[in-house]
Amino acid sequence: MNPELLQNADIFRARVLDWYHQFGRKDLPWQQNVNPYRVWISEIMLQQTQVSTVIPYFERFMARFPSVQALADSPVDDVLQHWSGLGYYARARNLHKAACVVDEVFAGEFPRNVDTLTTLPGIGRSTAGAIASISMGIAAPILDGNVKRVLARLHAIEGWPGDKKVADRLWQIAEGYSMAEQNRADTREYTQAMMDLGATLCTRSKPACTVCPLVDGCKAVAEGNPTAYPHSKPKKDKPVKATWMLMLQHKGELLLYRRPDQGIWGGLWSFPEFGSEDALQQHLALQGLKPRQQTSLEPFRHTFSHYHLDIHPIHITLSRKLPSVMEGLDQVWYNESQIEQLGLAAPIKKLIQILHHANPVKQ
DNA sequence: AACCCGGGGCG
DNA sequence: CGCCCAGGGTT
């Protein structure tokens, strides 16, 4: 462990810059003829799309809109057309809006400080930092996804970066490293180096720690699990619901009803459901049914995107068919030959198969 | 099929 | 302020 790497910004920057000079990418289109306009456009494109896809878009965009004035002077539909295929069209609209603001409010010159840059539509703190540091030599930190990952691992920052407290901590660290004494070339290269490090070495799932210039200072590596950082979004624990499913069998047939179009498994065929075992038993009593044979199958959990459903299947064998079980809904006595014909939710299909397996139907 | 992304918009 | 969304790529 090398604590100086974490505490001394000069040592940290020297390591990062040295790596960048040896291995970093320096020939990307937006790294040529660097100016605020080109950096801005590239940053917005790179927020949503990977480098290899962005390159041709960037070239076409620059050929058509070579300057912020050219962009401001063009109809927004023209801008959207050159954005077509990238998605996130609100960003293209913001691009055009911001170009107009730069043209009209700032006399065609990008503001030379982060706070004013941030007032432009579509430019937040990170994009402003990238424009300021890369194209203006201003010592501003950035915190895009790549840098977030590098810093969260290096310092083993607990928590999800979407949480404000965690983001604030990461910004604080980024600021600490970016503020060290430096010259203008350093500032540009340092920012590019940090993004490159995150994009090419400190990747989300397979970080190349063995060749990382920061490995000896990396707390996540010291803990033995760099990919644990940054912590992922806490999946809000899903509520657990329970249902009791009535599997009525008569000879080789099972009673299914068609679910309403709205709600889960809309329009699919399913077993009658009840909110509790008591409700199920009460229903049976109302139907004048006193089952001789009743089996509770092993309850199991089915998980939806937004909740868990604990399914308690209750199997009952009848000696005669009931006329109607679920008031007002289509029902059908189902046998195995219909397996392809009816739309069944996955757990229902599973349940039917379990039953057939346990009690092979004697036809 | 879940996760990810910088910034905007909403309650 | 916190929460959700966009929209397609990666894993």
Side-chain angles (χ1 to χ4, degrees), chain A residues 30 39-58 76 79-102 114-134 140-153 157 159-171 174-175 191 194-208 225-239 264 301-308 345-347:
Chain A
W30 43 90
V39 172
W40 171 46
I41 301 299
S42 70
E43 284 299 315
I44 302 297
M45 287 183 174
L46 290 165
Q47 280 172 16
Q48 65 202 34
T49 312
Q50 61 188 15
V51 167
S52 59
T53 308
V54 161
I55 289 174
Y57 275 92
F58 182 80
V76 67
V79 181
L80 288 167
Q81 188 194 319
H82 281 74
W83 203 262
S84 163
L86 279 177
Y88 280 100
Y89 298 95
R91 290 182 185 178
R93 292 178 189 282
N94 278 337
L95 227 46
H96 186 253
K97 266 193 228 165
C100 292
V101 174
V102 171
V114 168
D115 287 344
T116 315
L117 282 168
T118 307
T119 66
L120 296 169
I123 299 184
R125 187 174 175 186
S126 190
T127 304
I131 296 170
S133 64
I134 295 173
I142 66 159
L143 197 63
D144 71 355
N146 291 319
V147 178
K148 251 179 229 171
R149 202 163 47 242
V150 173
L151 297 181
R153 286 177 180 166
I157 300 298
W160 174 54
D163 181 349
K164 187 173 181 329
K165 279 185 65 181
V166 178
D168 286 349
R169 177 78 188 110
L170 289 168
W171 272 111
E175 205 157 26
T191 295
M194 286 298 287
M195 292 193 290
D196 229 28
L197 198 58
T200 65
L201 284 194
C202 196
T203 58
R204 194 153 69 85
S205 48
K206 289 177 189 166
N225 188 12
T227 57
Y229 297 90
H231 289 184
S232 53
K233 177 178 178 158
K235 14 202 163 282
K236 42 189 171 225
D237 28 27
K238 301 169 179 169
I264 64 160
R301 174 166 292 190
H302 180 74
T303 299
F304 295 97
S305 57
H306 47 307
Y307 65 90
H308 301 289

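So you know, we letter chains A, B, ... as the sequences are listed, proteins then strands, and number each from 1.
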A.B. asks: Looking at DNA chain B, which of residues 45-58 of chain A put a heavy atom within less than 4.0 Å of it?
C.D. replies: A:Gln47

A.B. asks: Can you check whether A:His82 reaches A:Tyr57 side chain to side chain, under 4.5 Å on heavy atoms?
C.D. replies: no

A.B. asks: So, using ring-ring contact (aromatic ring centres under 6.0 Å, His included) as the criterion, who are the partners of A:Phe58 when residues are at least two apart?
C.D. replies: A:Trp30

A.B. asks: Distance check needed: B:dG8 C1' versus A:His96 NE2, whole Å only.
C.D. replies: 19 Å

A.B. asks: What residues from residues 81-92 of chain A pass a heavy-atom cutoff of under 4.0 Å to DNA chain B?
C.D. replies: A:Tyr88, A:Arg91

A.B. asks: Could you tell me the separation between the NZ atom of A:Lys206 and the C1' atom of C:dT11, rounded to a whole number of Å?
C.D. replies: 9 Å

A.B. asks: Atom NZ of A:Lys233 to atom P of C:dT11: distance rounded to whole Å?
C.D. replies: 20 Å

A.B. asks: Remember a base hit wins even if backbone is also touched, and classify A:Ile44 as base, sugar-phosphate or nothing at under 4.0 Å, heavy atoms.
C.D. replies: nothing

A.B. asks: Considering only side-chain heavy atoms of A:Ser126, which listed nucleotide, B:dG8, B:dC4, B:dG6, is closest?
C.D. replies: B:dG6

A.B. asks: Check whether any side-chain N or O of A:Thr203 sits under 3.5 Å from a backbone N or O of A:Thr200 as a donor-acceptor pair, and report yes or no.
C.D. replies: no

A.B. asks: For A:Asn94, enumerate each residue passing the side-chain contact (heavy atoms from CB on, under 4.5 Å) test, keeping only those at least two apart in sequence or located in another chain.
C.D. replies: A:Lys97, A:Pro121

A.B. asks: Which of the following nucleotides, B:dC4, B:dG6, B:dG8, is nearest to the side chain of A:Lys148?
C.D. replies: B:dG6

A.B. asks: Is a side-chain N or O of A:Trp171 found less than 3.5 angstrom from the main chain of A:Glu175, in a donor-acceptor match?
C.D. replies: no

A.B. asks: Regarding A:Ser126 and A:Gln47, do their side chains bring together a donor and an acceptor under 3.5 Å, going by distance alone?
C.D. replies: no

A.B. asks: Take atom NZ of A:Lys97 and atom C1' of B:dG7, then tell me their distance rounded to the nearest Å.
C.D. replies: 12 Å

A.B. asks: Kindly write out the residues that satisfy salt bridge (charged side-chain N to carboxylate O under 4.0 Å, His left out) with A:Asp144, not counting sequence neighbours, or none if the list is empty.
C.D. replies: none

A.B. asks: On DNA chain C, does the nearest nucleotide to A:Asp163 precede the nearest nucleotide to A:Ser205 from the 5' side, or the other way round? Give the residue.
C.D. replies: A:Asp163

A.B. asks: Roughly how many Å is it from CH2 in A:Trp40 to P in B:dG6, rounded to a whole number?
C.D. replies: 17 Å

A.B. asks: Mind checking ring-ring contact (aromatic ring centres under 6.0 Å, His included) for A:His302 and listing every partner two or more places apart, or none if nothing turns up?
C.D. replies: A:Trp265, A:Phe304

A.B. asks: Would you mind reading off the distance between A:Asn94 atom CG and B:dG7 atom P, rounded to a whole angstrom?
C.D. replies: 11 Å

A.B. asks: Would a 4.5 Å heavy-atom cut-off, applied to side chains only, mark A:Thr49 and A:Tyr88 as touching?
C.D. replies: no

A.B. asks: Atom CG of A:Asp168 and atom P of C:dG2: how far apart are they, to the nearest Å?
C.D. replies: 9 Å

A.B. asks: Distance between the C1' atoms of B:dG8 and C:dG9, in whole angstroms?
C.D. replies: 22 Å

A.B. asks: Measure from CH2 on A:Trp160 to C1' on B:dC4 and round the result to the nearest Å.
C.D. replies: 11 Å

A.B. asks: Does A:Asp144 reach a base, just sugar-phosphate, or nothing at all? Heavy atoms under 4.0 Å.
C.D. replies: sugar-phosphate

